[in-house]
Every structure is written in structure tokens, then in C-alpha cells.
Amino acid sequence: MKETISTAGAHDGARDKTVEGLSLLGNKRTVYAQDYDPSVLEAFENRHQDRDYRVRFECPEFTALCPITGQPDFATIYIEYIPDVRMVESKSLKLYLFSFRSHGAFHEDCVNIIMDDLIRLMDPKYIEVTGDFSPRGGISIVPFCNYGRPGTPYESYARERMLAFHH
């Protein structure tokens, strides 16, 4: 996983150290991993660290394989987080999620693996990941996981969100 830290102003509009090290954005020679690959994730500096705000990704084309049957499972993955210093770059997230396409993992594993990798990359104040998987055999599965940074108000917020979760 790659990251960068910026020392430039928040709104100067110039190409600055915030984007240094981002190798995927604007790259016309994108390589798609053929199996799960968290190393494609890249981060950049949050330019608004002075306030809390939420970032939400809706990823409607997620695919993974059933680890038992090898059949494809399709889902919309929802990722929502409150950033601290680092944020995930969206093209790297797209390529990372694509890397699950030939990877065998249960639905519940997918959302937990995604969350764990994003925590390692960004160290967010709060994050939640939901997988809205397409029905298979007449059953839909909607796993949800979340994390709030220990020792902060986000820890209790995560617990509240977990207890109140409904799809």
C-alpha cells in the first residue's frame, strides 16, 4: 500500500505533494490484478483535517468467487468513512476491488478484508463496509462491519451503529 503526505495549501489548485506517489490516477497503462492485491491501494493527504466529514463510495460492480463452488458472487459494496490524515485514492480502490474478481472468499470475509485493508492504509477515525450481495438460491446476504478508532468517541459510535444496523 502506498501513501503520500502533503505540505501544500488546501486550495491552491497546483499539483503538489498531495499527489506525489499516486501512480494510478491518470495512468493510461492500467494493469488489472488477477487475484486479491491490497498493494494497489494508494492514499493521499486529507486537505480538510480540521473538520469531520464523511466519504462514501458505492461500488455496484463488485465480484468475488465462492471459495467452495467457484461460482461468481455479485454485490454492491458500500464504503463510508470519516478520514483523519490519509484518504484512499478512488482509482486505486477500483483496481483493488477488481482484484477480488478471481478471488475465493465468503461474503462476510470480503467486507472484513476490505475494511481491514482500508484501516491499514488510512487509519480513519471511523469506517464501515456493507456488502449488498445478489441473491443466490433465493437468499440475499448483507454483511456489515465497522470500526471506530479505540479511545475516541468514534469507538462508541461504531458500537451504536453496529447495534442499530438494518438494511
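Reckoned from all heavy atoms, side chains included, excluding hydrogens, waters and symmetry mates.
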Inset, instruction - Check the pair Asp73, Thr63 against side-chain contact (heavy atoms from CB on, under 4.5 Å), reporting the backbone distance first and the verdict last. - result: CA-CA 6 Å; Asp73 290 316; Thr63 306; over 6 Å; no
Legend entry - Aromatic centroids of Phe74 and Phe62 separated by under 6.0 Å: no
Inset, instruction - May I ask you to decide whether Glu89 forms a salt bridge with Lys91, counting only side-chain N to carboxylate O separations under 4.0 Å? - result: no
Legend entry - Least distance between heavy atoms, Cys110 atom then Ala105 atom: SG-CB, 3.8 Å
Inset, instruction - State, yes or no, whether a side-chain contact exists between Ile119 and Ile127 at a heavy-atom distance under 4.5 Å. - result: yes
Inset, instruction - With the side chain counted from C-beta on, respond yes when Leu118 and Ile79 share a heavy-atom pair under 4.5 Å apart, and no when they do not. - result: yes
Inset, instruction - Without swapping roles, check the side chain of Arg149 against the backbone of Tyr126 for a donor-acceptor pair under 3.5 Å. - result: no
Legend entry - Interatomic distance, Glu61 atom CD to Thr76 atom OG1 [nearest 0.5 angstrom]: 9.0 Å
Legend entry - Arg56 vs Tyr81 side-chain heavy atoms within contact, under 4.5 Å: no
Legend entry - Chi angles and distances behind the side-chain contact (heavy atoms from CB on, under 4.5 Å) call for Met87, Val55: CA-CA 9 Å; Met87 302 177 69; Val55 177; 3.7 Å; yes
Legend entry - Nearest non-hydrogen partners of Val111 and Thr130, listed with the distance: CG1-C, 4.0 Å
Inset, instruction - Check whether any side-chain heavy atom of Phe100 lies under 4.5 Å from a side-chain heavy atom of Ile114, and answer yes or no. - result: yes
Legend entry - For the student: nearest non-hydrogen atoms of Val88 and Met122, plus distance: N-SD, 3.2 Å
Inset, instruction - Could you tell me whether the side chain of Asn46 and the main chain of Arg86 form a donor-acceptor pair under 3.5 Å? - result: no
Legend entry - Residues Asp35 and Arg101 bridged, charged N to O under 4.0 Å: no
Inset, instruction - Could you grab the distance from atom CZ of Arg136 to atom CD1 of Ile141, nearest 0.5 Å is fine? - result: 9.5 Å
Legend entry - 4.5 Å side-chain heavy-atom contact, Ile113 and Asp117: yes
Legend entry - Members besides Leu163 in its Ile/Leu/Val/Met/Phe/Trp/Tyr cluster (side-chain heavy atoms under 4.5 Å): none
Inset, instruction - Supply the atom-to-atom distance Cys66 SG to His107 NE2, rounded to the nearest 0.5 angstrom. - result: 7.0 Å
Legend entry - Spacing of CG belonging to Asn146 relative to CE belonging to Met162, to within rounding of 0.5 Å: 4.0 Å
Legend entry - Separation between CD of Glu128 and CD of Glu80, rounded to the nearest 0.5 Å: 5.0 Å
Legend entry - Non-hydrogen side-chain atoms of Pro143 and Phe133 separated by less than 4.5 Å: yes
Inset, instruction - With the side chain counted from C-beta on, respond yes when Ser90 and Phe57 share a heavy-atom pair under 4.5 Å apart, and no when they do not. - result: yes
Inset, instruction - Rounded to the nearest 0.5 Å, what's the gap from CD1 on Ile82 to CZ on Arg51? Could you check? - result: 13.5 Å
Inset, instruction - Quick one: closest heavy-atom pair of Asp132 and Tyr78, and the distance? - result: CB-CE1, 4.1 Å
Inset, instruction - With Ser92 as reference, evaluate Leu97, Leu41, Leu121 under the side-chain contact (heavy atoms from CB on, under 4.5 Å) test and give the passing residue. - result: Leu41
Inset, instruction - Linking directly or through intermediates, with side-chain heavy atoms under 4.5 Å: list the remaining ILVMFWY members grouped with Phe106, chain and number order. - result: Ile68
Inset, instruction - State, without any angle test, whether Tyr96 and Asp37 hold a side-chain donor-acceptor pair at a distance under 3.5 Å. - result: no
Inset, instruction - Say whether Asp52 and Tyr154, considering side chains only, have a donor N or O and an acceptor N or O under 3.5 Å apart. - result: yes
Inset, instruction - Would you mind reporting whether Leu65 and Gln71 have side-chain heavy atoms less than 4.5 Å apart? - result: no
Legend entry - Flag if over 12 foreign heavy atoms under 6.0 Å of CD, Glu108: yes
